[in-house]
Amino acid sequence: MRWIVSLLVNALALLLAARWIDGIHVRGFGSAVIAALILGIVNTLIRPILIFFTLPLNIVTLGLFTFVINGFLFYLVGNLVQGFEVRTLGAAILGSLLVTVVSFIVNKVISIL
């Protein structure tokens, strides 16, 4: 049950990112749910590998390169999912940051209730 709520929260965060950030477009709620699902899978499987291989660069940048990795994965999902489009890496970095913040806050509020 918690997994489904988290998926729906991430889908709503994607819709919010599409509304606020130029360069991100979501066709509808169904596309947002599919994009959130694929984004979760990509973040679970590919992100740790990228973090590991870019560890020296991440150390030099004091962890700021993680934003680039998150943006790249967000951009990748935008290319994989029909109905979810991310036009630039800058929009992807901002979108991933917004989705992360919104998802974190809403999940914390839900866990309190």
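These numbers come from a predicted model, not from an experiment.
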Find out whether [X] and [Y] are in side-chain contact, i.e. whether some heavy atom of one side chain is under 4.5 Å from a heavy atom of the other.
X    : Y   : result
V77  : V86 : no
H25  : R87 : yes
L73  : N43 : yes
L15  : L12 : yes
V42  : R47 : no
I110 : R2  : no

Are [X] and [Y] linked, directly or through other ILVMFWY residues, by side chains that come within less than 4.5 angstrom of each other?
X   : Y    : value
I41 : V5   : yes
F52 : L57  : no
I4  : V102 : yes
Y75 : W20  : yes
L80 : L14  : yes

Please indicate whether F65 has more than 12 foreign heavy atoms, meaning atoms of other residues, nucleotides or ligands, lying under 6.0 Å from its CZ.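 Yes, because the 6.0 Å sphere around CZ of F65 holds more than 12 heavy atoms from other groups.
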To the nearest 0.5 Å, tell me how far [X] [atom1] sits from [Y] [atom2].
X   : Y   : atom1 : atom2 : answer
L45 : L50 : CG    : CG    : 11.5 Å
L89 : I93 : CG    : CD1   : 4.0 Å
I69 : F72 : CD1   : CZ    : 9.5 Å
I51 : I46 : CD1   : CD1   : 12.5 Å
L98 : I21 : CG    : CD1   : 5.0 Å
L39 : I34 : CG    : CD1   : 13.5 Å

Between F84 and F74, ring centroids under 6.0 Å: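 So the answer is yes for these two rings.
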For I24 against A91, the heavy-atom pair lying closest together: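 Smallest heavy-atom distance, with atoms named: CD1-O, 3.4 Å.
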Residues in side-chain hydrogen bond (donor to acceptor under 3.5 Å, both in side chains) contact with N107, at least two apart in sequence or another chain: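 Per chain and number, N107 pairs via side-chain hydrogen bond (donor to acceptor under 3.5 Å, both in side chains) with S103.
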Can you pull the side chain to side chain donor-acceptor pair (under 3.5 Å) pairs that have at least one residue in residues 54-65, sequence neighbours excluded?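 As it turns out, the side chain to side chain donor-acceptor pair (under 3.5 Å) pairs with a partner in residues 54-65, which skip direct neighbours, are N58-T66.
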Please check this pair: side chain of T44 against backbone of G40, looking for a donor-acceptor N/O pair closer than 3.5 Å.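 Looks like yes, one N/O pair under 3.5 Å.
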